[in-house]
Amino acid sequence: MSSAADAVTTALATALEAFDPNAPLVIALSGGLDSCVLLHAITMLGLPSIRPCAIKHVNHHLHSKASAWADFCMHLAANYRLSFELLHVNLSANEGQSLEALAREQRYRALLPKSDGELVLTAHHADDQAETFLLQALRGAGPKGLSSMPMSKPFGRGQLVRPLLSLTQQTLRAYAKDYALDWVEDPSNEVLTFTRNKLRHQVFPVIQEHFPHAVETLSRSARHCASGGVVEKLLLEEKLVTLWDKNDETLALTQ
């Protein structure tokens, strides 16, 4: 097993250890490189043979090739002998509303679990995390916003899990090359009118030219912010306990 394959399967296995080993897995499959690597790694670990696994693809109907991408994901699911569900969302952004943000919102809404305990897996990676951190910083976000994307969080009746969040896209690309995986390319990822794409293609390369490990360090900063938020929450809850009057359910505040 190559170093990339070992890194991907180890990250996936480690992330899933925190949850019920029998919990159903749903792979959010776009058909792009990242989600195809996630799907392949799941089969490499033999997970479909020991727990329910399914694939869901969201068609946003934003590109002329959207139906072809859906067909690609459906055939991929058939090759892996996994159930497949095609989800449709129709986007109509209001004036001043970001189409990128609306697509993300509707995509997550469509992926909400239908059964208790379901784990919805996405293929976000460290590059995505670093970009999110930088975007939040440029918007003047506080610690909560700078925490960026958590590895997992409650998601409807289940959990949203990002098992590859600690890995760079370079690692995922090496994995795909090792196993000669096929995937589709979404041209909208190159459209510079989208803020994230502009950051990814015009700003981040300049940062990495001077700070080669920017992906890793910015992702680490996001984790530090998340950890700080957890500690702050625990301290506030501890303080709240001392102020809460259980008898009349009021806060005992002093002037």
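All residue numbers refer to positions in the sequence shown, counting from 1. In what follows, every heavy atom counts, from backbone to side chain, and hydrogens, waters and symmetry copies are set aside.
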Check: With Thr9, which residues qualify under side-chain hydrogen bond (donor to acceptor under 3.5 Å, both in side chains), at least two apart?
Finding: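 If we apply the side-chain hydrogen bond (donor to acceptor under 3.5 Å, both in side chains) test to Thr9, skipping adjacent residues, there are no hits.
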Note to self: Among residues at least two apart in sequence or on other chains, which ones pass side-chain hydrogen bond (donor to acceptor under 3.5 Å, both in side chains) with Asn197?
What the structure shows: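 side-chain hydrogen bond (donor to acceptor under 3.5 Å, both in side chains) list for Asn197, sorted by chain: empty.
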With hydrophobic residues grouped by side-chain heavy-atom distances under 4.5 Å, do [X] and [Y] end up in a single group?
{"X": "Leu119", "Y": "Val8", "answer": "yes"}
{"X": "Leu33", "Y": "Leu121", "answer": "yes"}
{"X": "Leu135", "Y": "Leu102", "answer": "no"}
{"X": "Ile50", "Y": "Met44", "answer": "yes"}
{"X": "Leu16", "Y": "Val37", "answer": "yes"}

When you compare the side chain of [Y] with that of [X], does any pair of heavy atoms fall below 4.5 Å?
{"X": "Leu181", "Y": "Tyr175", "answer": "yes"}
{"X": "Phe204", "Y": "Val215", "answer": "yes"}
{"X": "Val161", "Y": "Leu25", "answer": "no"}
{"X": "Phe211", "Y": "Thr217", "answer": "no"}
{"X": "Ser152", "Y": "Phe19", "answer": "yes"}
{"X": "Ser188", "Y": "Leu62", "answer": "no"}
{"X": "Ile42", "Y": "Leu82", "answer": "no"}
{"X": "Phe133", "Y": "Ser221", "answer": "yes"}

Answer yes or no: is there a donor N or O on one side and an acceptor on the other, between the side chain of [X] and the main chain of [Y], under 3.5 Å?
{"X": "Ser35", "Y": "Ser30", "value": "yes"}
{"X": "His40", "Y": "Cys36", "value": "no"}
{"X": "Gln129", "Y": "Met149", "value": "yes"}
{"X": "His60", "Y": "Ala66", "value": "no"}
{"X": "Arg162", "Y": "His125", "value": "no"}
{"X": "Ser115", "Y": "Glu118", "value": "no"}
{"X": "Thr14", "Y": "Ala11", "value": "no"}
{"X": "Ser148", "Y": "Ala222", "value": "no"}

Closest contact, heavy atoms only, [X] versus [Y]:
{"X": "Leu38", "Y": "Pro163", "answer": "CD1-CG, 3.9 Å"}
{"X": "Pro113", "Y": "Gly158", "answer": "CG-N, 3.7 Å"}
{"X": "Ala123", "Y": "Leu172", "answer": "O-CD1, 4.5 Å"}
{"X": "Val58", "Y": "Arg107", "answer": "CG2-CG, 4.0 Å"}
{"X": "Ile207", "Y": "Ala214", "answer": "CG2-CB, 3.8 Å"}
{"X": "Thr132", "Y": "Arg196", "answer": "OG1-NH2, 2.9 Å"}

[atom2] on [Y] to [atom1] on [X], rounded to 0.5 Å:
{"X": "Arg51", "Y": "Leu45", "atom1": "CZ", "atom2": "CG", "result": "10.5 Å"}
{"X": "His88", "Y": "His57", "atom1": "NE2", "atom2": "NE2", "result": "8.5 Å"}
{"X": "Tyr108", "Y": "Thr122", "atom1": "OH", "atom2": "OG1", "result": "5.0 Å"}
{"X": "His213", "Y": "Ser219", "atom1": "NE2", "atom2": "OG", "result": "13.5 Å"}
{"X": "Leu12", "Y": "Glu17", "atom1": "CG", "atom2": "CD", "result": "10.5 Å"}
{"X": "Leu165", "Y": "Asp127", "atom1": "CG", "atom2": "CG", "result": "10.5 Å"}

Check: Are any of the side-chain nitrogens in Arg109 or Glu105 under 4.0 Å away from the carboxylate oxygens of its partner?
Finding: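 The answer is yes: the pair qualifies as a salt bridge.
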Margin query: What I want to find out is whether Asp128 reaches Arg200 closely enough, with some N-O distance under 4.0 Å, to be called a salt bridge.
Written below: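 Yes, charged N to carboxylate O under 4.0 Å.
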Checklist line | Residues which pass ring-ring contact (aromatic ring centres under 6.0 Å, His included) with His63, listed by chain and number, not counting sequence neighbours | finding: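 Trp69.
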Next item on the list: Go through the side-chain N and O atoms of Thr168 and Arg173 and say whether any donor and acceptor fall under 3.5 Å apart.
Entry: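 The answer is no; no qualifying pair exists.
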Margin query: Counting only heavy atoms from other residues, nucleotides and ligands, does the tally under 6.0 Å from CD of Gln170 exceed 12?
Written below: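 12 or below, so no.
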Checklist line | Neighbour count >12 (heavy atoms, 6.0 Å) for atom NZ, Lys65 | finding: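 No - once you tally the heavy atoms of other residues, nucleotides and ligands closer than 6.0 Å, there are 12 at most.
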Next item on the list: Run through Val120, Val26, Leu112 and flag the one making a side chain to side chain contact (heavy atoms under 4.5 Å, CB included) with Leu160.
Entry: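 Exactly one option meets the side chain to side chain contact (heavy atoms under 4.5 Å, CB included) with Leu160, and it is Val120.
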